[in-house]
Structure formats: C-alpha cells, structure tokens
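In what follows, a single structure is set out as structure tokens and then discussed.
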Amino acid sequence: MIRYALAFLAILMTGLPGASWAEPAKVVVGTYVNQITGVNLRDNQVNVDFYVWFRWDDDSLNPLETFELMNGRIESRTPTPVRKLKDTNYGQARVQAVLNQPWDVSRFPLDTQTIRLVIEDSDLTAEHFVYVPDTDNSTLDPDVDVSGYTLTSNGATISAHRYRTNYGDITLPKNHESVYSRYTHAITLERPDSVYYIKTFSTIFISSVVAFLAFLVKPVDLDPRFGLGIGALFAVVACYFVIASDLPRSSGFTLSDRVNLASMGMIFLSLMQSAVSLMIYERNAAKSLLLDRWCLVVFPVTYALLCVWLTTV
C-alpha cells in the first residue's frame, strides 16, 4: 500500500506525459528587417524583406517550417538547413512578404505609422509552444529608408492571441477557444518635419490667398471680383480629390479633410462678402471699400489661425 501511495505521489509531482500543466516548449525567435518598400496608403499594404530565425531545444519541433505571417502573405521564403549550435537547434529564413497594414491617416500628412511583423506557429497552441523574443538582435538594417518618413523606433514583443472558434472541428465544443503565442516586431515611422505638409497643401493655401485678393477689386467689376473666388474654389476641390486618391477610404475626418473643408469654407465666405460688398457699393461706395480693406486683413489672418488650430488639435 505504501508503495502504491508513493508511486501516485510521484505521478502528481512529475506530471503525466502530455498533461495540460506540463511546461510548454520555448522557442527563441527574432527578425532583422532588410528593406521596407512599396508603402501604399491607399491599399493598406507595404512590402517587407526580412530575416527570421529560431532557436529551440526540442528535436521534435521545427518552427522554421511551421511559422506563418498573420498579417500578410509570404511572397518568397528561403530557409537555410537547420543546424546545431552546441545543444540548441538553429534555423533561419529570408522572407519577402506583403503586409496588410491598417494605416492611421487621421493626421495625414503629419501622420505617424507603425508597421508590424506578426508571426505565429501554425501547428501548436500556447499550451505546448511559446515564443521568446530575441530582443538583443531583432532590429533594422541601417540602410532601411522609407520615403517621406523617419524610422524612430523598433522592438520585438510576445503576446498571447486568442481565437474564439473551433474552426469547424465538430469534435470540439462550439465555443471552443485556442490561444497561440504571437511574436510582433513593431517599427514606428514619423514625418521628419513640416516640409511634406507644406508640399501637400501648398496649392490649397495659394488658391485661398488668391481668392482673398478679390477684395482689392471693385465690387462692380464682376468678372475679376467673383472669378478669382470661383477659380480658387475649383482649384481647392481638385486638390482635395488628388490628395484623397492617395489615402484609404475613411469614415472620419482626417487632417487633410479638415484643412480642405476650411479652405473651401473661407473661399465661399469671401464670395458672399463680394455679394454683400456689391449691395453696399450701390448705396455707399466708401463704406463698401472700407469693408473690403478690413476683409483684406481679417480673412487671411483668420484663415491662417484656423489652419494652425486644425493642425495642432
């Protein structure tokens, strides 16, 4: 009896083979980004060329063959043969992939973006297999350059990702959940200065200022007085469609949308002022000219302050 009790106690302490409380296998994973190209805000995509490597002890595993990219598709994968580093297995692959990247364009063209390489194992859940980030070696090549952006930071993290589905496996309950270890290498991009902002909105700003020059024209000169504002309005609308063609569809208002709408609104108000000034001119030319002089100062100053406020909020 004592012998059976000791055997039962030993089983409890060591655990049954494959028991759920057994320690999951640990696999060290890291990535090194060679290139980031084809940043496409419109289609929410970016091309990334990177190396990925794994180090693990369990000879029954091969994470180099079972890893998958969760937020994109792998265009090509060039693995090297798995080899031993002392008692540890080591495998490496060069990967060229297209990432499905949800860009945040709410502050475009002063936007900050984060590109993420998201890797999971396609076979084993977190109960049997967990990643450990190789934070010391996961980084970017010094020659990585993204046009229009500055790479400000990058880093690797591990998280547990939960899937609330049985994937159609009728042997599992309907509300079955599975958890997978997830590796994420995040790369942050920022606009380096206001040059891109000025280049993007330069035509809009100039068109708005041209519309305000109508206040220098007598109200009775209808063609130049109203023509400047109408021409400027069409120019701003054309710029709006050009900028929007480079951005994904969004239900919210981006910085670009706000600046464009503010410009169209100010030009529309200048056209209204021209109509009011014409009515006053027919009764009192001096008052009409005084109104135009005031508006020649008030409109540009108000417009400049409005654009600064929209940019900073």
Side-chain angles (χ1 to χ4, degrees), residues 18-36 38 44-82 85 88-104 113-140 153-169 171-188:
S20 61
W21 55 81
E23 280 288 326
K26 294 182 179 180
V27 176
V28 177
V29 56
T31 47
Y32 184 85
V33 177
N34 293 315
Q35 291 182 342
I36 299 175
N44 291 299
Q45 289 185 339
V46 61
N47 302 324
V48 180
D49 182 336
F50 65 97
Y51 285 99
V52 60
W53 60 86
F54 302 91
R55 298 196 305 270
W56 69 98
D57 296 329
D58 190 342
D59 292 336
S60 66
L61 302 176
N62 191 349
L64 189 62
E65 292 184 352
T66 57
F67 85 92
E68 59 182 349
L69 194 63
M70 304 307 297
N71 62 330
R73 67 180 184 274
I74 295 177
E75 297 290 304
S76 67
R77 181 191 317 216
T78 309
T80 60
V82 175
L85 301 179
T88 301
N89 297 297
Y90 174 81
Q92 180 196 95
R94 182 175 181 177
V95 178
Q96 293 179 333
V98 178
L99 303 184
N100 299 318
Q101 179 65 44
W103 305 109
D104 179 9
Q113 306 293 347
T114 301
I115 297 174
R116 293 179 176 86
L117 293 174
V118 182
I119 294 173
E120 289 182 12
D121 191 81
S122 62
D123 187 21
L124 299 177
T125 64
E127 294 179 355
H128 310 94
F129 179 106
V130 293
Y131 284 131
V132 177
D134 189 354
T135 55
D136 292 336
N137 300 300
S138 297
T139 185
L140 306 175
S153 64
N154 76 100
T157 58
I158 299 296
S159 61
H161 189 77
R162 188 179 304 274
Y163 294 92
R164 294 178 172 85
T165 179
N166 62 3
Y167 298 100
D169 186 346
T171 63
L172 298 174
K174 185 177 180 180
N175 58 349
H176 176 75
E177 293 185 354
S178 55
V179 180
Y180 285 80
S181 184
R182 169 172 286 191
Y183 169 88
T184 303
H185 187 169
I187 304 161
T188 302

Just list the side-chain donor-acceptor pairs under 3.5 Å for residues 95-104, sequence neighbours left out, or say none.
{"from": "Q96", "atom 1": "OE1", "to": "S76", "atom 2": "OG", "distance (Å)": "3.1"}
{"from": "Q96", "atom 1": "NE2", "to": "D49", "atom 2": "OD2", "distance (Å)": "3.3"}
{"from": "Q101", "atom 1": "NE2", "to": "T114", "atom 2": "O", "distance (Å)": "2.6"}
{"from": "W103", "atom 1": "NE1", "to": "N40", "atom 2": "O", "distance (Å)": "2.9"}
{"from": "D104", "atom 1": "OD1", "to": "S106", "atom 2": "N", "distance (Å)": "3.2"}
{"from": "D104", "atom 1": "OD1", "to": "S106", "atom 2": "OG", "distance (Å)": "2.8"}

Worksheet item: Hey, does Y51 have a side-chain heavy atom less than 4.5 Å from the side chain of T31?
Response: no

Item to complete: Grab the two heavy atoms, one from S181 and one from Y131, that are nearest each other, plus how far apart they are.
Response: OG-N, 2.9 Å

Item to complete: Report yes or no: does S122 contribute a side-chain atom to a donor-acceptor pair with the main-chain N or O of E68 at less than 3.5 Å?
Response: no

Practice prompt. Report the distance from atom CZ of F54 to atom CG of N89, rounding to the nearest 0.5 Å.
Written response: 13.0 Å

Fill in: Test side-chain hydrogen bond (donor to acceptor under 3.5 Å, both in side chains) applied to Y180 and E127, step by step
CA-CA 8 Å; Y180 285 80; E127 294 179 355; over 6 Å; no

Worksheet entry | Interatomic spacing from CD in E75 to CG in L69 - rounded to 0.5 Å | 10.5 Å

Item to complete: Establish, from distance only, whether the side-chain atoms of D123 and T66 form a donor-acceptor pair under 3.5 Å.
Response: no

Practice prompt. Using a strict 4.0 Å threshold on nitrogen-to-oxygen distance, state whether K26 and D57 make a salt bridge.
Written response: no

Item to complete: Check whether any side-chain heavy atom of I158 lies under 4.5 Å from a side-chain heavy atom of V132, and answer yes or no.
Response: no

Worksheet, complete the sentence: Here the pair of heavy atoms bringing T125 nearest to V179 is CB-O, 3.3 Å

Worksheet entry | Minimum side-chain heavy-atom gap W53-N137 below 4.5 Å | yes

Worksheet item: Looking only at heavy atoms, which two atoms of S138 and D134 are closest? And how far apart?
Response: OG-O, 2.8 Å

Worksheet item: How long is the span from the OG1 atom in T80 to the CG atom in L64, to the nearest 0.5 Å?
Response: 6.5 Å

Practice prompt. State whether F67 and R77 meet the cation-pi test: NZ (Lys) or CZ (Arg) under 6.0 Å from the six-membered ring centroid, and within 45° of the perpendicular axis.
Written response: yes

Item to complete: Could you check if a side-chain atom of V48 sits within less than 4.5 angstrom of a side-chain atom of L117, using non-hydrogen atoms only?
Response: yes

Worksheet item: At their closest point, which heavy atom of T139 faces which heavy atom of H185, and how far apart are they?
Response: O-CE1, 3.6 Å

Worksheet item: Just wondering, do F129 and P24 contact through their side chains at under 4.5 Å, heavy atoms?
Response: no

Worksheet item: Does a side-chain heavy-atom distance below 4.5 Å link I119 with M70?
Response: no

Worksheet item: Looking only at heavy atoms, what is the nearest atom pair of V29 and Y183, with distance?
Response: CG1-CD1, 3.4 Å

Response to the item:
Smallest heavy-atom separation, V33 atom then F50 atom, equals CA-CB, 3.9 Å

Worksheet item: Distance-only, no hydrogens or angles: does the W56 side chain make a donor-acceptor pair with backbone N or O of L61 under 3.5 Å?
Response: yes

Discussion item. Less than 4.5 Å apart, side chain to side chain, heavy atoms only: is that true for Y163 and E120?
Written reply: yes

Practice prompt. Could you please spell out the steps behind the side-chain contact (heavy atoms from CB on, under 4.5 Å) verdict for V130 and V27?
Written response: CA-CA 6 Å; V130 293; V27 176; over 6 Å; no

Practice prompt. For the residue pair T188 and S153, confirm or rule out a side-chain donor-acceptor distance under 3.5 Å.
Written response: yes

